[in-house]
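Working notes, beginning with the structure itself.
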Protein chains: 2
Amino acid sequence: MDTLSSRIQNGDVPAVCRSCEARHGGVCSALTPAQLVELSKHSSRRTIDAGTEFIGQGESISSYSNILKGVVKLSKVMADGRQQIVGLQFAPDFMGRPFLGESRMAAEAAIDTEICVFPRRAIERLIAETPGLEHLLHSQALKELDEARDWMLTLGRKTAQEKVASFLALIASHSDPEAEEKSMFELPLSRADIADFLGLTIETVSRQMTKLRKEGIIQIENNRHVTVPDLGRLVAAAGND
Amino acid sequence: MDTLSSRIQNGDVPAVCRSCEARHGGVCSALTPAQLVELSKHSSRRTIDAGTEFIGQGESISSYSNILKGVVKLSKVMADGRQQIVGLQFAPDFMGRPFLGESRMAAEAAIDTEICVFPRRAIERLIAETPGLEHLLHSQALKELDEARDWMLTLGRKTAQEKVASFLALIASHSDPEAEEKSMFELPLSRADIADFLGLTIETVSRQMTKLRKEGIIQIENNRHVTVPDLGRLVAAAGND
DNA sequence: CGGGCCTTTGAACACCTTCAATCTTCGTGG
DNA sequence: CCACGAAGATTGAAGGTGTTCAAAGGCCCG
């Protein structure tokens, strides 16, 4: 629209940030061009292969990051190995636990993922001097809290079939943001991951997927590719009214 | 210590706030005396009897509040009546979901509770003009997110016995903040509430309590009064290493 | 002391898990 | 291009943990 001013504005923005999606929805959208320039000097892009854990549970944290592409799973492990995925993060989510020196969970790329890494000090300084940034992070924390509590209902009170349907509905909502009816997507998680997200076993997940398929609520190809002909039926199977 | 300046400072603080605990740990600690004066004009104390629901799921929100005394349970209900408690709040927690017009869950006093109620507009104006307040609320949101995710592990991966022990350990930690060994407290929840918090039935909760009692990990008198002779054993029974 | 509610206890059952075998998919190398 | 092997997914049968249904016991308050 206003090509002149946007050209000028872009002129101020670091080259690496110019094509970055996170600049619009992510934390960087709360920063001024000058702050972006400063931050970009200390930040770096990183590619993480599927299955790579890049933050360990209990590990001390020296950096934050932004997801540019991909899906990250956050998980907790008990001493005897039992595991629970406590959150999935998608682009352009911010990752890290502000104001806490160590991570209370592990972070692992569910599929091939790209992140932009910022030094911890730089972010904390920016938060202190940029109310808009703290507001944005506060909003994301509240959104994640809402999601965590929704999932507590799923974990505590839903049946295996409802749990699996809830998971599929969650992924569908992140794939086709505004699809009203049909939906198609690739599952970012293996059956084992889905089980750890739902508090079930691999076998139960598999059986419930088969059941949903036989009931015509979903179609599955090559294990990961899912088609949902009628989202309404899936949501109903998830127990969400 | 400096009695003069503290007298002057107290002189600026509204009478109703002077003896209020929340002024130290709660949201009000982030406000200046002048802001406190202004806010107190529009706020009011309220006593809520045990079992009274004072915010409904899906209800539109016109106020926030601070817990002065008591315990509040936050719960979600499914269409068919299945219920899950998704959080417990203690004094001096702030209650309400900033930046969202309606509540995604119900709030009910678990025991007799006192709260200080603020009009929504007043709080949102204060947040916008007081970075320290937003920081405090952000910190509380992150703390609640940590708690919610810890509980997801409990709901998804722990056995009934570990769940009940986890609940008792949680209550113990809120009763005797720094007790190293022994602990005594009154349970703020009925067996039915505990079941809804743990994703179990009343009967299973009862059976596991009996089991913990027979194993000597806890003592119970009059259903609600619990003594924990050795917190270490309870924590171990909760599966926390 | 009686009534109601909450809690405990018991027995049968169901759902999910466990253990085990088979099948599919996909990457690798011949 | 196909064959092979490993990893992941599905399916089956048996078993266990927690649920459901039912009854009895205990606590609180009139």
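FYI, side chains are in, hydrogens and waters are out, and symmetry mates aren't considered; it's all heavy atoms of this structure. To find a chain, count down the sequence lines: A is the first, B the second, and so on, and within it residues start at 1.
Summary of the strand contacts: A/Glu221 and B/Leu189 both lie near DNA chain C, and taking for each the nucleotide with the nearest heavy atom, the more 5' one is attributed to B/Leu189. Projected onto DNA chain C by closest heavy-atom contact, A/Gln208 and A/Asn222 fall at different nucleotides, the more 5' of which corresponds to A/Gln208.
Atom pair A/Asp196:CG and D/dG8:C1' shows a separation of 14 Å (rounding to whole Å applied). The distance from atom CZ of B/Arg224 to atom P of C/dT8 is 11 Å, rounded to the nearest whole Å. Rounding to whole angstrom units, CD1 of residue A/Ile220 and C1' of D/dT11 are separated by 14 Å. Rounded to an integer number of Å, the gap from CG of B/Asn223 to P of D/dC28 is 7 Å. Rounded to whole Å, the distance from CD1 on B/Ile194 to C1' on D/dG18 is 17 Å. Distance CZ (B/Arg213) to P (D/dG26): 12 Å, rounded to an integer number of Å. The CD1 atom of B/Ile202 sits 15 Å away from the P atom of C/dT9 (whole-angstrom rounding). The separation between B/Glu162 atom CD and D/dG18 atom P is 9 Å, rounded to whole Å.
Distances were taken from every side-chain heavy atom of A/Glu203 (C-beta onward) to each of C/dA20, C/dC16, D/dG18; the shortest belongs to C/dA20. Side-chain proximity of A/Ala160 to D/dG18, C/dC16, C/dT7: nearest is C/dC16. Minimum atom distance to the side chain of A/Ser190 is reached by D/dA9, of the listed D/dA9, D/dG18, D/dT10. Comparing D/dT19, D/dC27, D/dA9 by their closest approach to the side chain of B/Leu200 singles out D/dT19. Between D/dC27, C/dC16, C/dT17, one nucleotide has an atom nearer to the side chain of A/Thr201 than all others, and that is C/dT17.
When the shell of 6.0 Å around NZ of B/Lys143 is examined, it contains more than 12 heavy atoms from other residues, nucleotides or ligands.
A/Met78 is listed as a side-chain neighbour of B/Lys158, based on a closest heavy-atom distance under 4.5 Å. Looking at heavy atoms from C-beta onward, B/Phe167 lies in side-chain contact with B/Leu189 at the 4.5 angstrom threshold.
For the pair A/Val71 and A/Pro188, the tightest heavy-atom approach, listed with the atom from each and the gap, is CG2-CB, 3.9 Å. The minimum heavy-atom distance between B/Gly96 and B/Tyr64, with the atom names listed, is CA-CD2, 3.6 Å.
Taking only side-chain nitrogens and oxygens, B/Thr210 comes nearer than 4.0 Å to OP1 or OP2 of C/dT9. Between A/Arg191 and D/dT10 there is a side-chain polar atom (N or O) within less than 4.0 angstrom of OP1 or OP2.
Here A/Gly51 lies out of heavy-atom contact (under 4.0 Å) with every strand. Here A/Thr204 lies in heavy-atom contact (under 4.0 Å) with a base.
Between the side chain of A/Arg207 and the base of D/dG12, at least one donor-acceptor pair of N or O atoms lies under 3.5 Å.
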